[in-house]
Novice: 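Have a look at this one before I ask anything.
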There are 2 protein chains.
Amino acid sequence: MHYPSAWLQGSSRGESIASHLRLQIINESIKPGEILSENKVAELFEASRSPVREAFKLLAGEGLIRLERMGAVVVGLDLTHIQELYDVRYLIESFAQQRLAKRDNAAMLVRLEQTVDRMKLAVKHGDEVEFAFQDFSFHEMIVQEAGHTRIWHLWNSIRSIVRTVMLLTTANSFRQGKERMEWVADKHLTVIEGLRSGNEEQIAKIVKAYFADSDETLGRSLS
Amino acid sequence: MHYPSAWLQGSSRGESIASHLRLQIINESIKPGEILSENKVAELFEASRSPVREAFKLLAGEGLIRLERMGAVVVGLDLTHIQELYDVRYLIESFAQQRLAKRDNAAMLVRLEQTVDRMKLAVKHGDEVEFAFQDFSFHEMIVQEAGHTRIWHLWNSIRSIVRTVMLLTTANSFRQGKERMEWVADKHLTVIEGLRSGNEEQIAKIVKAYFADSDETLGRSLS
DNA sequence: AAAAGACAAGTTGTATACAAGTATTCAAGA
DNA sequence: TCTTGAATACTTGTATACAACTTGTCTTTT
């Protein structure tokens, strides 16, 4: 499995290398405990140390590797870590949605619906990568629209990992059939309904249910 | 005002430059809208572009500057942004404390009490920098002890900013007299009491009160 | 006078070079 | 056989070099 090249548009060599390594680490093609050196990785990607160094800094900031005196130690993302990632996503997204509850979201809701439509289209075409992309966009849009600088930066700090995890789990979920994916897409409609209601308690309930389901989906896709 | 050199122990030239720039940006010695170029900053710090580049990446990740094609644009931290920072701190810390509620925290509580003692000693000696350091350590300890990898990384992503903001606001608060600082130190004791009780609702109430107070302190120190 | 185009200065992204420090290995001696 | 020590190879952090691109200015042309 390769990182979708379309997702690398406009990114530097360093970010590109980071994306490939990130996928392989989460993928466990590169295993926890392994030691990466700037020189070896540079040779592997046929690049110089500069962009590799940038990639290492990015991955270290995401906690996927740990920079030490002699080599970068791969930390990896086991199931526990992924569940922790969902904890954080829940924290960020419920904050964002509570903030949106008070506003007029008409324009955003239209775009969210369009996104869900694209998800369903992706199911029809059997296009996993497109589905993952739209799923990601859906959640990112909510966080962005909340208009909270710091929350947005928190999201940015896990953005790449979330995108990659979504790519992998979506690929797994697709193997459970199209009905399952339809169900996943429909789950997003409940979120839209919540936001449309503008009722804070109802939104809280829906977001909670959403991530409880996601957690269950996660367990299912990795067993 | 300079960044305390003791806080730079073990950090690379790049992190060091980042710390100095960070202080000046939050300080508004460097104003929003200004454009920094790698070459000029390198010359200023008598370093090469490599560490400056690293510093820019760090500051961009923290949202203090925005990397563009031609130069880095200073974003800065106005009062609104700082309040947003407190929102995030509240989010992180209440999550961490809720997690701690279920555990046995005897050892940690001792260390927290020691930290508060050091804060009071710092007040006695009129040592602002030491106070800020202990205050910072207090909150970092709580997040770390929660033992949640992802929350820890969220904290890491705002760590440097929080530290610097604390340094500046503490310096301001000191001008309001020692009684005020004693009061700030005592506030931390209520947090310890909460954690000792192990009661989730009580903890929630205390953390909420703590950050409400901090927000008020913030307004006071910047007006 | 105004517009268009070429040129010059400055910027980043990447590659390479160098220096300081660390781990490993291998050999020699107890 | 085990320990000790020196040498070697490899690591990162920083400095410098180069290429591609952007921007603003100045000249030339209409």
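As a basis for the values below, the full set of heavy atoms in this structure was taken, side chains included, without hydrogen atoms, waters or symmetry mates. Chain A is the first sequence line, chain B the second, and so forth, proteins listed ahead of strands; every chain is numbered from 1.
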Novice: Using a 6.0 Å cut-off, check whether atom CD of A:Glu43 has over 12 heavy atoms from anything other than its own residue.
Specialist: no
Novice: For residues B:Ile65 and B:Ala72, report the shortest heavy-atom separation together with the two atoms involved.
Specialist: CD1-CB, 4.0 Å
Novice: Would you name the heavy atoms of A:Phe174 and A:Val123 that are closest together and state the gap between them?
Specialist: CZ-CA, 4.3 Å
Novice: Give me the atom names and distance for the closest heavy-atom approach of B:Ile35 to B:Met70.
Specialist: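 Closest approach of B:Ile35 to B:Met70, heavy atoms only: CG2-O, 4.3 Å.
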Novice: Distance check needed: C:dT12 P versus A:Glu15 CD, whole Å only.
Specialist: 16 Å
Novice: Between B:Arg89 and B:Tyr86, is NZ or CZ placed under 6.0 angstrom from the six-membered ring centre and within 45° of the ring axis?
Specialist: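 Output yes; distance and angle both within limits.
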Novice: Between the protein and nucleotides 14-19 of chain C, list every N/O to N/O distance that falls short of 3.5 Å.
Specialist:
from   : atom 1 : to      : atom 2 : distance (Å)
C:dT14 : OP1    : A:Arg13 : N      : 2.7
C:dA15 : OP2    : A:Ser48 : N      : 2.7
C:dA15 : OP2    : A:Ser48 : OG     : 2.7
C:dA15 : O5'    : A:Ser48 : OG     : 3.4
C:dA15 : N7     : A:Ser50 : OG     : 2.8

Novice: May I ask you to list the residues of residues 59-76 of chain A, by number, that have any heavy atom positioned under 4.0 Å from an atom of DNA chain C?
Specialist: A:Met70
Novice: Which whole-number value in Å describes the distance from B:Ile35 CD1 to C:dT11 P?
Specialist: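 So the two atoms are 10 Å apart, to the nearest Å.
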Novice: How many angstroms lie between CD in B:Gln24 and CG in B:Leu64, if you round to the nearest 0.5 Å?
Specialist: 12.5 Å
Novice: Identify each atom pair where a protein N or O and an N or O of nucleotides 5-7 of chain D are less than 3.5 Å apart, giving names and distance.
Specialist:
none

Novice: Whole angstroms only, please: what is the CZ-P distance between A:Phe56 and D:dT12?
Specialist: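 Value for this atom pair: 7 Å.
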Novice: Can you check whether A:Thr149 reaches B:Val75 side chain to side chain, under 4.5 Å on heavy atoms?
Specialist: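 They are not in side-chain contact.
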Novice: Can you tell whether the side chains of B:Asp87 and A:Arg150 come within less than 4.0 Å, N to carboxylate O?
Specialist: no
Novice: Can B:Arg103 and B:Glu145 be counted as an ion pair, charged N to O under 4.0 angstrom?
Specialist: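 Not counted as a salt bridge, because no side-chain N and carboxylate O are separated by less than 4.0 Å.
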Novice: Please check if any side-chain donor atom of B:Asp78 sits under 3.5 Å from a side-chain acceptor atom of B:His81, or the reverse.
Specialist: yes
